[in-house]
Amino acid sequence: MMAPRGDSHVPYKRPRLSSTGDLANDRLGLPIAEARQALVSQFRRLDTAIVVGDTGSGKSTQVPQYLLDHVVPRGGVVCVSQPRRVAAIALASRVSSERASVLGAQVGYSVRFERALSPGTTLCFCTDGVLCREAISDPRLARYDVLVLDEVHERALHTDVALALARAAQGARRGTRRPLKLVVMTATPDVLRLRRYLNGAPVLFVRGRQRALELRHAKSPQLDYLHATLVTIFQVHREEDRGDILVFLTGQDEIEATARICRQLSRVAVGNAGVHRIEVLPLYSALPPTVQQRVFSPVSPDCRKVVLATNIAETSLTIPGIRYVIDSGVVKIKRHNAELGAEVLAVGPVAQSQAAQRAGRAGRDGPGICFRLYTHKQFMALSPLATPEIQRCDLTSVLLNLLAIGVPNVEDFDFMDRPSPDAIQASLQTLQWLGAVKRIETITQGARGMQADNGVRPSKSTNEEHSTINGMVVKTDDRKNNQKKIVLTTLGRTLAAFPLDPQLAKALLAGSELSCLEEMLTFAAVLSVDSFFLTSAGRSKEGDQAATACLRFTSPDGDAPTLAAVFRAYLASGSNKTWCIENTLNHRNLRLASEVRKQLRDICVKLGLKMSSSRNEPSLPLRALCRGLFLQAVRLRPDRKYESFATHRPVTLGPSSALRAVSLRPVVLHHGLAAGGSAGLSMRRATAVKSEWLGEALPAALAHRWMI
DNA sequence: GAGCACTGC
């Protein structure tokens with residue numbers, strides 16, 4: 001056990017006061033109020049504006065109202081978009097009550113599964129995801145006079161897409177009788193990039209609440225941030241005034257381990273005179289909501305709360321009473337590796353903007369201190385901004401969405417930070433194999449001249465250029481000479497109607513063809529949400545025993561049928577929360593799956609698909625699954641190891657897959673590959689299928705290549 | 001033999 005010894009404390013540089021407290025602002029109203037006139041006159045004049053202000057400046061609640069009351073014409077509609085559902089609903093509710101109106105009348109919201117809107121709604125809060133979907137039926141965003149994009153500094157996937165779509169819509173409406181006004185709001189003062197993207201749009205600064213925040217960096221680099229974390233927690237506990245501590249760590253295991261040591265150490269320390277108790281509270285998204293709620297309840301006056309959190313506390317949850325922040329300086333980030341065709345979850349250093357965000361969580365209710373477990377020099381060497389999500393994730397869904405919107409050139413779509421051409425090509429190739437897009441020759445004047453007149457062909461060297469797509473080595477056309485245009489097929493348009501990965505959407509449609517749509521709705525729903533099974537940390541004491549009881553759901557065919565069985569049992573229980581707890585299942589994810597299924601079913605009905613069930617033929621849903629997930633196929637080699645058809649890379653069966661309970665199956669489909677650690681590539685979830693089903697599902701080009 | 005956080009008319 002580690003104890004905070006005198007010689008192992010983390011030395012911090014002398015405190016520097018970066019700002020002063022100003023509690024008067026609390027009563028005088030929000031800082032933004034005095035800037036109202038100036039903002040309004042700028043908004044009237046400009047077609048695009050950037051608003052910079054801290055959370056707490058009131059910009060998210062006030063700017064939309066200024067626009068509605070003083071900028072748009074009577075009856076004009078303002079849309080405010082956010083990365084997160086809870087924020088959209090909370091803001092709508094807050095603004096609605098500020099205006100003493102009923103939520104859903106003048107002020108409303110629209111998020112997935114939930115909306116409060118009426119024909120008279122002129123101020124609508126929504127999520128970026130909803131806005132991106134709306135653009136499919138309304139690419140000019142014609143319903144809105146003003147579009148406000150909030151929290152743009154987070155660079156969430158849908159925010160970047162929405163921003164690019166908004167620019168395109170604004171361009172299309174420029175010079176018409178109803179131009180689109182765009183207001184982009186960000187908390188990061190570093191707006192050079194954003195400003196250039198928005199053609200030099202003026203930046204309007206809103207003064208934030210002035211709060212006292214003291215930053216202390218480590219004096220020397222720390223080799224072990226977990227050790228430094230423990231030392232600092234107890235140093236703060238011994239030396240600093242009352243106030244709760246928020247610690248940023250990377251993940252569940254690390255948090256639980258640190259919590260255990262912390263509790264042991266505190267039992268030792270509390271024996272000493274004058275040392276108060278501490279209450280250690282883990283906080284991460286996999287925890288059941290009831291356990292998460294504990295961080296919001298106050299502790300007794302003689303006790304100090306220590307919250308050990310992941311990134312969830314950086315943006316999603318704001319914990320009251322935090323006075324001290326301990327920032328480990330590291331974060332876990334998911335990246336999609338197109339070459340491996342896998343998600344890689346890795347620990348890395350935070351960006352400066354994230355460090356600022358973490359520090360800002362201290363002293364929201366009074367003067368605070370942020371302890372950084374890294375030196376000021378190390379801080380200065382950090383990247384100023386985090387890599388935008390659009391450069392880290394699989395683009396298959398995003399590109400299908402853009403094509404459905406009618407974006408003319410998806411390969412050259414003007415994102416603020418463009419994804420790599422390889423990532424785009426990999427996703428287009430996937431869409432092509434799914435039959436969602438095709439490349440058609442478009443003979444432009446220039447191209448015709450070139451090919452007919454002098455017969456120029458791509459030179460041999462460029463023609464034989466290879467690139468790796470989804471891990472497969474593929475010959476690519478020379479892009480300079482490539483006159484092929486990417487167009488959406490009828491199938492692609494149908495796939496885009498579903499809020500699903502295109503692969504799963506295709507499997508769902510195959511369910512209609514094979515008369516097992518009801519079963520496929522369940523497969524699609526359970527595979528598109530996080531696992532139903534609680535991991536050890538989220539379990540109650542009796543949990544492990546009950547988890548064993550859960551084995552009764554295990555299907556020899558793997559995870560899709562197993563999860564479907566759990567889901568059916570959940571519905572049979574009457575969607576009962578107690579039943580979930582008794583069986584150590586994640587109620588939130590089961591409820592989510594049930595809402596997803598309902599939504600998918602409604603879309604199927606709208607598309608005119610007939611509901612059908614394969615009650616007497618259990619293999620039909622598995623065959624349908626093959627028709628969507630064939631790119632995720634894996635085979636068992638003679639040496640009893642699994643290998644991906646697409647990439648020929650070895651993969652292993654992940655530890656939580658239901659297939660581990662049965663003997664090795666010759667062909668399986670995986671539902672997500674994870675890379676990292678010692679295991680190489682591992683399949684998080686997998687379902688066994690028959691080789692002939694895979695054969696009938698494959699497009700000809702792949703059937704030939706894979707020799708099925 | 002191991003899961004950061006979000007989101008989808």
Colleague: Take a 6.0 Å sphere around CZ of R94(A) and say whether it holds more than 12 heavy atoms from other residues, nucleotides or ligands.
Modeller: no
Colleague: Separation of R84(A) atom CZ from dC4(B) atom C1', in whole Å?
Modeller: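 About 13 Å, once rounded to whole Å.
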Colleague: Is the shortest heavy-atom distance from the side chain of C262(A) to the side chain of I233(A) under 4.5 Å?
Modeller: yes
Colleague: Quickly work out the E256(A) CD to dG3(B) P distance and round it to whole Å.
Modeller: 15 Å
Colleague: Taking CG from L165(A) and P from dT7(B), how many angstroms apart are they, rounded to a whole number?
Modeller: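 One finds 19 Å between P of dT7(B) and CG of L165(A), rounded.
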Colleague: Tell me: CG of L504(A) to C1' of dG8(B), nearest whole Å?
Modeller: 13 Å
Colleague: Could you tell me whether a side-chain N or O of R358(A) sits under 3.5 Å from a main-chain N or O of E314(A), the two making a donor and an acceptor?
Modeller: no
Colleague: Measure from the side-chain heavy atoms of R660(A) and tell me the nearest of dG1(B), dG8(B), dC6(B).
Modeller: dG1(B)
Colleague: Pick base, sugar-phosphate or nothing for E389(A), based on heavy-atom distances below 4.0 Å to the nucleic acid.
Modeller: base
Colleague: 5'-most contact on DNA chain B: A135(A) or A674(A), nearest heavy atom basis?
Modeller: A674(A)
Colleague: When you measure from the side chain of S285(A), which nucleotide among dG8(B), dC6(B), dG1(B) comes out closest?
Modeller: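 Nearest listed nucleotide: dC6(B).
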Colleague: Is the shortest heavy-atom distance from the side chain of L607(A) to the side chain of F498(A) under 4.5 Å?
Modeller: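 They are in side-chain contact.
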Colleague: Using a 4.0 Å heavy-atom cut-off, does S397(A) contact any base of the nucleic acid, only the sugar-phosphate backbone, or nothing at all?
Modeller: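 It contacts base atoms.
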Colleague: Using a heavy-atom cut-off of 4.0 Å across all strands, would you classify L345(A) as base, sugar-phosphate, or nothing?
Modeller: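 Touches a base.
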Colleague: Does the pair E343(A)/R684(A) count as a salt bridge with the N-to-O cut at 4.0 Å?
Modeller: no
Colleague: Please state whether the phosphate of dC4(B), meaning OP1 or OP2, lies under 4.0 angstrom from any side-chain nitrogen or oxygen of R335(A).
Modeller: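 For dC4(B), neither OP1 nor OP2 has a side-chain N or O of R335(A) closer than 4.0 Å.
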Colleague: Classify the side-chain pair Y109(A)/E114(A) by whether it contains a donor and acceptor separated by less than 3.5 Å.
Modeller: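 Judged by distance alone, the side chains do pair up.
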Colleague: Taking any heavy-atom pair under 4.0 Å as a contact, classify T310(A): base, sugar-phosphate, or nothing.
Modeller: sugar-phosphate
Colleague: Starting at atom OH of Y284(A), determine the distance to atom P of dC6(B), rounded to an integer number of angstrom.
Modeller: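 After rounding, the gap between these two atoms is 14 Å.
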Colleague: Would you classify V331(A) as touching base, sugar-phosphate or nothing, given that sugar-phosphate means primed atoms plus P, OP1 and OP2, and contacts are heavy atoms under 4.0 Å?
Modeller: nothing
Colleague: Where the side chain of K334(A) is concerned, which of dG8(B), dG3(B), dC4(B) is the nearest nucleotide?
Modeller: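 Closest of the options to the side chain of K334(A): dC4(B).
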Colleague: Identify which nucleotide among dG3(B), dC4(B), dC6(B) has an atom closest to any side-chain atom of S316(A), counting heavy atoms from C-beta outward.
Modeller: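 From the listed options, dC6(B) comes nearest.
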Colleague: Compare the minimum distances between each of dT7(B), dG3(B), dC4(B) and the side chain of S531(A), then state the nucleotide with the smallest one.
Modeller: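 The answer is dG3(B).
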Colleague: Can you list the residues that meet the ring-ring contact (aromatic ring centres under 6.0 Å, His included) rule with F413(A), with sequence neighbours excluded?
Modeller: F415(A)
Colleague: For F379(A), give me all partners under ring-ring contact (aromatic ring centres under 6.0 Å, His included), at least two apart in sequence or on another chain.
Modeller: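 Here the qualifying residues are H217(A).
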Colleague: Quick one: label L500(A) by what it contacts on the DNA or RNA (base, sugar-phosphate, nothing), any heavy atom closer than 4.0 Å.
Modeller: base
Colleague: Would you kindly compare G654(A) and P83(A) by the position of their nearest DNA chain B nucleotide and give the one closer to the 5′ end?
Modeller: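 Its nearest nucleotide lies further toward 5', so the answer is G654(A).
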Colleague: Expressed in angstrom and rounded to an integer, what is the separation of D501(A) atom CG from dT7(B) atom P?
Modeller: 16 Å
Colleague: What residues from residues 112-129 of chain A pass a heavy-atom cutoff of under 4.0 Å to DNA chain B?
Modeller: R112(A), R115(A), T127(A), G129(A)
Colleague: In whole angstroms, how far is the P atom of dA5(B) from the CG atom of D530(A)?
Modeller: 9 Å
Colleague: Between atom CG in D253(A) and atom C1' in dC4(B), what is the gap in whole Å?
Modeller: 12 Å
